[in-house]
Amino acid sequence: MTETWDDVNEQVKADWKDDTTPFERVYEIVEQTHDGQSAAEIAERALVSEPTARRHCKSLVNTGFAETEQDGQTTLYKRNSDRVLMSRIRELREEVTRPELLDSIQEMKAEIRRYEDRYDVVSPEELVQQLDADETGGWDDLTAWRTTRQNLAVAQAALAYDEASHQLAV
């Protein structure tokens, strides 16, 4: 007997529900939520009731993990982007040595200069204005350039955070 994808998906959901608490499932859903979602939407995805989702979302807001926004009369919940950013900065600071971080920053700056030279522009936003729809390589470079810029900003923030931590310890 061959299982269909629907059967597999239902089994995965059942296993997830058996192996986690309602709070853990709501937490996982909110952790993946960039754009706000209502408690009803989160409840459906987390396999919990709407009141349970709302209660756990409020707890996540109270701890600073999530934030809210209003859409008319509906409260939307999403992960706190500042908290996610700080987590990335702390992880980088803990996982990478200062010399490795400095080397990485220099490499990313050099990569950005190569994009600037290749396209004779100073930012990805300028490149967007130059690219034609069929320039696949250019669009790929645009995505890579934006990602490099984001990674550079996080690496520089981790370096600044590290320096500030050392200064405060003195």
Side-chain angles (χ1 to χ4, degrees), residues 16 19-39 41-42 45-46 53 55-71 75-170:
W16 184 48
D19 296 342
T20 58
T21 66
F23 178 81
E24 290 170 330
R25 293 193 302 278
V26 169
Y27 178 92
E28 283 184 40
I29 297 303
V30 172
E31 185 179 39
Q32 300 167 14
T33 304
H34 301 277
D35 299 322
Q37 292 190 351
S38 68
E41 293 167 315
I42 292 169
R45 292 179 59 204
R55 183 176 35 134
H56 291 316
C57 284
K58 286 180 181 178
S59 294
L60 292 169
V61 168
N62 289 338
T63 62
F65 180 78
E67 56 191 17
T68 62
E69 58 187 45
Q70 288 301 124
D71 182 18
T75 301
L76 303 178
Y77 299 91
K78 64 181 180 178
R79 70 185 190 181
N80 182 327
S81 54
D82 288 342
R83 190 169 181 134
V84 171
L85 177 60
M86 282 307 298
S87 288
R88 286 183 63 198
I89 290 168
R90 279 191 205 105
E91 284 174 20
L92 187 58
R93 183 175 161 249
E94 292 169 4
E95 294 173 3
V96 179
T97 66
R98 183 177 174 80
E100 290 171 330
L101 192 55
L102 289 168
D103 287 346
S104 179
I105 288 170
Q106 291 306 317
E107 289 170 17
M108 287 185 276
K109 285 180 175 182
E111 185 175 346
I112 288 170
R113 279 191 299 277
R114 286 191 293 275
Y115 289 124
E116 291 170 347
D117 292 344
R118 181 179 308 144
Y119 293 101
D120 195 28
V121 294
V122 295
S123 71
E125 293 76 20
E126 281 188 53
L127 179 57
V128 167
Q129 296 173 10
Q130 290 185 2
L131 291 176
D132 293 327
D134 61 344
E135 290 184 59
T136 307
W139 291 104
D140 290 344
D141 283 350
L142 175 71
T143 300
W145 189 352
R146 285 180 170 159
T147 300
T148 302
R149 251 190 2 180
Q150 289 171 349
N151 290 340
L152 175 60
V154 171
Q156 289 172 323
L159 184 62
Y161 186 84
D162 186 57
E163 289 175 8
S165 295
H166 288 301
Q167 291 298 320
L168 290 173
V170 176

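Values in this document were obtained by computation on a predicted structure and should not be read as measured data. Counting begins at 1 with the first residue of the sequence.
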Q: In plain terms, say whether R98 and E163 are close enough for a salt bridge, that is, a side-chain N and a carboxylate O under 4.0 Å apart.
A: yes
Q: Work out which heavy atom in A155 is nearest to a heavy atom in M108; give both atom names and the distance.
A: CB-CE, 3.7 Å
Q: Give, for atom CD of Q32 and atom NE2 of H34, the distance between the pair rounded to the nearest 0.5 Å.
A: 8.5 Å
Q) Between E116 and V122, which heavy-atom pair has the shortest distance, and what is it? A) OE2-O, 3.6 Å
Q: Find the distance between CD (Q37) and CD (E69) and round it off to the nearest 0.5 Å.
A: 10.5 Å
Q | pair Q129-V121: side-chain heavy atoms closer than 4.5 Å | A | no
Q: Evaluate side chain to side chain contact (heavy atoms under 4.5 Å, CB included) for V30 paired with F65, printing each intermediate quantity in order.
A: CA-CA 9 Å; V30 172; F65 180 78; 4.0 Å; yes
Q | Q156 and K109, any side-chain heavy atoms less than 4.5 Å apart | A | yes
**Q.** Heavy-atom pair with the smallest gap, counting every atom of A158 and I89
**A.** CA-CG2, 3.6 Å
Q) Any side-chain heavy atom of K78 sitting closer than 4.5 Å to one from E67? A) yes
Q. Of the non-hydrogen atoms in N80 and D82, which two are nearest, and what is the gap between them?
A. OD1-N, 2.9 Å
(Q) Do R55 and F23 have side chains that approach each other closer than 4.5 Å (heavy atoms only, starting at C-beta)? (A) no
Q) Which distance, rounded to the nearest 0.5 Å, do you find between the CZ of R79 and the CG of D35? A) 10.0 Å
Q.
Any non-hydrogen side-chain atom of L92 less than 4.5 Å from a side-chain atom of E100?
A. no
Q | Which atom of L101 lies closest to which atom of V96, heavy atoms considered | A | N-CG1, 3.5 Å
Q.
Ignoring hydrogens, what is the shortest heavy-atom contact between I42 and A53? Give both atom names and the distance.
A. CG2-CB, 4.3 Å
**Q.** Check: R146 side chain, P124 main-chain N or O, donor-acceptor pair, under 3.5 Å
**A.** no
Q | Side-chain heavy atoms of Y27 within contact of H56, under 4.5 Å | A | no
Q) Got a second to check how far E94's CD is from R90's CZ, nearest 0.5 Å? A) 8.5 Å
Q) Sub-3.5 Å donor-acceptor pair from the side chain of T148 to the main-chain atoms of A144, do we have one? A) yes
Q: Run the numbers on T20 and E28 for side chain to side chain contact (heavy atoms under 4.5 Å, CB included), then give the verdict.
A: CA-CA 10 Å; T20 58; E28 283 184 40; 4.3 Å; yes
Q | N151 side, atom CG; S104 side, atom OG - distance, nearest 0.5 Å | A | 8.0 Å
Q. Is any side-chain heavy atom of T75 less than 4.5 Å from a side-chain heavy atom of Q70?
A. yes
Q) When rounded to the nearest 0.5 angstrom, what distance separates CZ in R83 from CD in E31? A) 11.0 Å
Q) How would you list, by chain and number, every residue that makes a ring pair (Phe, Tyr, Trp, His ring centres under 6.0 Å) with Y161, sequence neighbours excluded? A) none
(Q) In the structure I gave you, are the side-chain heavy atoms of W145 and L127 within less than 4.5 Å of one another anywhere? (A) yes
Q) Does CG belonging to N62 count more than 12 external heavy atoms closer than 6.0 Å? A) yes
Q) Hey, which of L142, D141, T136 is the one that makes side chain to side chain contact (heavy atoms under 4.5 Å, CB included) with W139? A) L142
